[in-house]
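Some notes on the structure that comes next.
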Amino acid sequence: QVQLVESGGGLVQPGGSLRLSCAASGASLNSFIVGWFRRAPGKEREGVSCISIRGENAYYTDSVKGRFTITRDRAKNMVYLEMNSLEPEDTGVYYCAALVFPSIEQMCVRNGVDYWGKGATVTVSA
């Protein structure tokens, strides 16, 4: 059974930065397409960013383009979401997710997910 664990959430002021990390146990994260989803208060969960298995392709939802960066460190078996210029609208629970195949679009756009983490809370507030 694959278990995903998020870390790095917290409280930050508008304009600030946070980095979320995703680690896996039970399997290598390097074998999966990995993504970050978020559920904002009162809203449905949405795909924020997804990265391909080798890291050569990434998807970002429009609202975070230019502010968030997803990366993966295959040597450390980790995936990160660097979040800059944070806005109150970025507040929510962020989930790490993994998908075996076929694509980042299947994951982030069509919500194709095989495994979910339990989530990390990000609060952007003055």
Side-chain angles (χ1 to χ4, degrees):
Q1 182 72 10
V2 179
Q3 293 186 328
L4 305 177
V5 179
E6 305 91 341
S7 60
L11 172 65
V12 63
Q13 292 186 341
S17 299
L18 281 176
R19 187 177 80 159
L20 299 178
S21 300
C22 178
S25 62
S28 171
L29 207 55
N30 294 338
S31 300
F32 297 95
I33 299 164
V34 179
W36 291 95
F37 289 72
R38 71 183 174 194
R39 188 189 301 276
K43 295 185 178 181
E44 294 186 355
R45 186 159 52 188
E46 65 169 338
V48 175
S49 182
C50 295
I51 190 166
S52 58
I53 288 176
R54 297 191 181 278
E56 74 276 24
N57 295 312
Y59 166 94
Y60 298 94
T61 194
D62 286 345
S63 62
V64 308
K65 286 180 180 177
R67 300 188 298 120
F68 290 13
T69 303
I70 189 170
T71 57
R72 66 190 311 160
D73 187 330
R74 295 179 63 80
K76 294 183 178 180
N77 197 27
M78 297 285 292
V79 173
Y80 306 99
L81 185 67
E82 187 75 34
M83 305 184 293
N84 298 315
S85 302
L86 282 162
E87 303 168 352
E89 293 74 23
D90 295 315
T91 293
V93 180
Y94 283 70
Y95 300 88
C96 179
L99 175 67
V100 176
F101 69 92
S103 68
I104 56 176
E105 289 78 16
Q106 176 68 22
M107 185 175 214
C108 259
V109 177
R110 292 182 281 276
N111 296 325
V113 173
D114 291 323
Y115 303 100
W116 290 101
K118 293 184 178 181
T121 300
V122 172
T123 304
V124 185
S125 175

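- Distance CE/Met83 to CG/Leu20: 3.5 Å, rounded to 0.5 Å.
- Side-chain atoms of Arg67 come within 3.5 Å of backbone atoms of Ser85 as a donor-acceptor pair (strictly under, hydrogens ignored).
- Distance check, rounded to the nearest 0.5 Å: SG of Cys50 to CD1 of Ile104 gives 7.0 Å.
- Distance OG1/Thr69 to CG/Leu81: 8.0 Å, rounded to 0.5 Å.
- Within the 3.5 Å criterion, the main-chain N or O of Gly119 finds a donor-acceptor partner in the side chain of Glu6.
- A donor-acceptor pair is defined here as one N or O able to donate and one able to accept, closer than 3.5 Å; such a pair exists between the side chain of Tyr60 and the backbone of Ile70.
- Judged by distance alone, with hydrogens and angles left aside, the side-chain atoms of Arg74 form a donor-acceptor pair with the main-chain N or O of Ile53 at under 3.5 Å.
- Contact between Ser17 and Asn84 at its shortest, heavy atoms only, is OG-OD1, 2.8 Å.
- The two residues Leu4 and Ala24 come nearest to each other via the heavy atoms CD2-CB, 3.8 Å.
- Between Glu105 and Arg110 there is no salt bridge, since none of the side-chain N atoms of the basic residue sits less than 4.0 Å from a carboxylate O of the acidic one.
- Minimum heavy-atom separation, Ile33 to Pro102: CD1-C, 3.7 Å.
- Residue Leu29 holds its CG atom at 6.0 Å from SG of Cys96, rounded to the nearest 0.5 Å.
- A donor-acceptor contact shorter than 3.5 Å is absent between the side chain of Arg45 and the backbone of Val93.
- Between Ala126 and Pro14, the shortest heavy-atom contact is N-CD, 3.6 Å.
- Note on Phe101 and Val79: same hydrophobic cluster, where clusters join Ile, Leu, Val, Met, Phe, Trp and Tyr whose side-chain heavy atoms are under 4.5 Å apart, directly or indirectly.
- Phe37 and Val48 are members of different hydrophobic clusters when ILVMFWY side chains are connected at heavy-atom separations under 4.5 Å.
- Side-chain heavy atoms closer than 4.5 Å link hydrophobic residues (I, L, V, M, F, W, Y) into clusters, and following such links, possibly through other members, connects Trp36 to Val124.
- Leu18 and Leu11 fall into different hydrophobic clusters, where Ile, Leu, Val, Met, Phe, Trp and Tyr are joined by side-chain heavy atoms under 4.5 Å apart, directly or via other members.
- Here the closest heavy-atom approach between residue Pro41 and residue Gly92 is recorded as CD-CA, 4.3 Å.
- Using cut-offs of 30° and 60° on the angle between ring planes, the pair Tyr95 and Trp116 is perpendicular.
- Between the SG atom in Cys108 and the CD1 atom in Ile51 there is a gap of 10.5 Å [rounded to 0.5 Å].
- To the nearest 0.5 angstrom, Ser28 atom OG is 4.0 Å from Asn77 atom CG.
- Nearest heavy-atom pair across Gly47 and Asn111 is N-OD1, 4.3 Å.
- At a threshold of 4.5 Å between side-chain heavy atoms, the hydrophobic network of Ile, Leu, Val, Met, Phe, Trp and Tyr places Tyr80 and Met107 in two separate groups.
- Counting heavy atoms of neighbouring residues, nucleotides and ligands inside a 6.0 Å radius, atom CD of Glu56 exceeds 12 of them.
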